[in-house]
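Order of the sequence lines sets the chain letters (A, B, ...), proteins ahead of strands, with each chain counted from 1. Keep in mind that this is a model prediction, so the values were computed, not measured.
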Number of protein chains: 2
Amino acid sequence: MTDAEYVNIWMRPERAAYGPTPVHSRAKITEAAVRIADAEGLEAATMRRIAAEIGAGVMSLYRYVPSRENLIELMADQVMGEIDVTDLPSGDWRADLTRYADGLRNMWIRHPWIATVQRSLPSFGPNQLLLVERLMGVLDAFVPIDENLGLVALLNSYVEGTVREEISAAMEVRRSGLSESEWMERSHPYVDRLVKSGEYPIFTKIVMEARQPHLSREDEFRHGLQRVLDCIAAALPSTAES
Amino acid sequence: MTDAEYVNIWMRPERAAYGPTPVHSRAKITEAAVRIADAEGLEAATMRRIAAEIGAGVMSLYRYVPSRENLIELMADQVMGEIDVTDLPSGDWRADLTRYADGLRNMWIRHPWIATVQRSLPSFGPNQLLLVERLMGVLDAFVPIDENLGLVALLNSYVEGTVREEISAAMEVRRSGLSESEWMERSHPYVDRLVKSGEYPIFTKIVMEARQPHLSREDEFRHGLQRVLDCIAAALPSTAES
DNA sequence: CAAGACCGCGTACAAGGTACCCAGTGGAGG
DNA sequence: CCTCCACTGGGTACCTTGTACGCGGTCTTG
């Protein structure tokens with residue numbers, strides 16, 4: 001079976017039970033890559049950089065991982081594993097989904113590069129799969145599976161959409177290499193021009209509003225989450241009241 | 001003012017009013033790049049490829065666009081302009097938001113690479129800004145601006161989240177270079193192993209369900225959209241009934 | 001103990017973004 | 001009309017990055 005014959009990284013055994021004892025491991029490589037991506041962005045996690053991080057030769061990585069793309073899949077699955085879904089479902093679906101949503105949001109904030117990686121069902125890794133199992137188990141007793149899929153998708157979309165927005169400005173600041181205040185300073189003329197043009201009254205309203213004291217990101221998130229949960233509640237039969 | 005001094009691509013004039021008449025234009029370059037990305041993915045839209053497409057030298061592109069990253073911003077704004085939001089708000093907020101959601105979804109399906117580009121408010125281009133104006137204008141009369149932001153974010157998240165899911169499998173198929181049936185064939189052993197392991201009952205349920213006849217993507221989208229609109233309705237004052 | 005599969009990893013190459021340079025062009029000032 | 005020079009298209013070259021290939025050493029199996 002040649003390399004290309006494997007469906008995905010999860011079907012490929014890490015090592016064969018033969019030959020010298022490996023010095024490194026997928027786990028070590030993945031952790032190093034995640035560490036670099038967290039600190040400097042996914043594009044900084046080059047094969048050379050990762051190899052340097054763990055004190056390996058660049059090409060040694062390819063003994064453990066078939067390609068950088070596959071490594072990124074490993075990274076994605078790894079951070080999915082950080083979301084605590086033990087003991088789900090607990091019986092209180094609202095509490096369960098809230099816990100999940102918080103966990104997902106915090107994970108994204110810790111690993112903002114996750115926003116740039118595509119994932120699809122057939123390439124789900126073990127952590128991702130377990131997450132789906134536990135998460136969808138929460139509503140499984142109340143609704144048919146496709147309704148469940150829709151509701152979970154709604155929740156996921158809400159969380160990811162919200163966090164994406166939170167993240168994107170922060171990512172741009174980092175990408176520019178400027179400090180946050182320098183970056184704001186730099187953006188000012190553009191925003192100012194738009195506001196002064198008078199053509200964007202609502203944009204202007206947003207900018208003005210942003211200067212007012214308002215809810216913290218956290219509270220804003222909670223508020224929107226309640227809305228989504230209410231929306232989900234409306235789709236459940238009355239037997240699901242918690 | 002050196003190149004780096006500009007806030008973003010929108011603050012930088014396309015050309016100076018001096019010297020020989022330019023042969024190309026930002027618009028032509030952007031359109032070519034979008035065409036390539038639509039057909040072969042964003043990573044196929046290299047500077048060399050784009051230059052070849054419009055019959056220009058590679059380095060000529062840099063007379064119009066400071067960098068590939070900025071070009072991608074131009075592309076993103078361009079396709080945002082394809083969403084028809086003329087005459088919004090019409091007075092019927094539900095119809096307006098439905099039209100917008102459909103437009104957004106169709107645009108994403110036409111340009112799936114959009115899923116991989118990050119966008120943030122301070123780098124919004126004219127089309128994106130106009131879209132925000134018109135879209136948020138729909139609910140502006142009914143709710144305060146931060147509530148409006150939250151509701152619009154919910155709608156956007158739903159649409160983008162849903163389309164991302166639709167797209168991701170399709171993108172993976174293309175990336176693999178296989179035909180869809182070959183790809184399904186290839187995935188089979190993995191899915192089979194998971195199902196047979198018995199450890200993933202809900203995943204199994206999803207897979208089984210997928211073999212049953214079910215709603216079309218389109219209908220599924222509409223169904224979920226209704227749910228989101230109901231959720232938005234609940235957040236509006238009674239004066240907003242349409 | 002011989003064999004062969006596997007180990008770490010150096011070398012080398014292809015692809016892609018882009019800095020730099022050059023010759024040619026055409027509007028502004030004389 | 002001529003001169004000047006900021007601008008034009010674009011060729012060459014460099015740097016970064018992913019990764020194919022091969023080598024000398026190692027460890028399990030027959």
(message) Take a 6.0 Å sphere around CE of B:Met184 and say whether it holds more than 12 heavy atoms from other residues, nucleotides or ligands.
(response) no

Can you tell me the distance, in whole Å, between the [atom1] atom of [X] and the [atom2] atom of [N]?
X       : N      : atom1 : atom2 : result
B:Met47 : D:dG10 : CE    : P     : 14 Å
B:Arg48 : D:dG11 : CZ    : C1'   : 12 Å
B:Leu71 : C:dG16 : CG    : C1'   : 14 Å
B:Glu43 : D:dT17 : CD    : P     : 19 Å
B:Glu69 : C:dG16 : CD    : C1'   : 14 Å
A:Tyr62 : C:dG8  : OH    : C1'   : 15 Å
B:Ile54 : D:dG10 : CD1   : C1'   : 12 Å
A:Arg49 : D:dG18 : CZ    : C1'   : 17 Å

(request) Could you grab the distance from atom CZ of B:Arg35 to atom CD of B:Glu40, nearest 0.5 Å is fine? (result)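 The distance works out to 11.5 Å.
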
Using a 4.0 Å heavy-atom cut-off across all strands, classify [X] as base, sugar-phosphate, or nothing.
X       : result
A:Ala51 : nothing
A:Ser60 : base
A:Val58 : base

(message) Check B:Glu53 with B:Arg49, please: is the shortest side-chain N to carboxylate O separation under 4.0 Å?
(response)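 Here B:Arg49 pairs with B:Glu53 in a salt bridge, since their nearest N and O are under 4.0 Å apart.
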
(request) Could you tell me whether A:Arg164 and B:Glu160 have a side-chain N and a carboxylate O separated by less than 4.0 Å? (result) no

(message) When you measure from the side-chain N and O atoms of A:Arg68 to the phosphate of D:dG18, is any distance below 4.0 Å, counting only OP1 and OP2?
(response) yes

(request) Just compare C:dG8, D:dG9, D:dT17 and give me whichever is closest to any side-chain atom of A:Val23. (result)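 Taking heavy atoms from C-beta onward, the closest nucleotide is C:dG8.
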
(request) Go through D:dG18, C:dA19, C:dG10 for me and flag the one nearest to the A:Met59 side chain. (result)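 The nucleotide sitting nearest to the side chain is C:dG10.
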
(request) Return yes if some donor-acceptor pair links the side-chain N/O of A:Glu14 with the main-chain N/O of A:Arg26 below 3.5 Å, else return no. (result) yes

(request) Anything under 30° is parallel, anything over 60° is perpendicular, the rest tilted; go ahead and classify B:His24 against B:Tyr64. (result)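 Geometry flag for B:Tyr64 against B:His24: perpendicular rings.
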
(request) Kindly give the heavy-atom pair with the smallest separation between A:Ile83 and A:Tyr100, and that separation in Å. (result) CG2-CD1, 4.1 Å

What N/O pairs connect the protein and nucleotides 22-26 of chain D at under 3.5 Å? Give each pair on its own line.
none

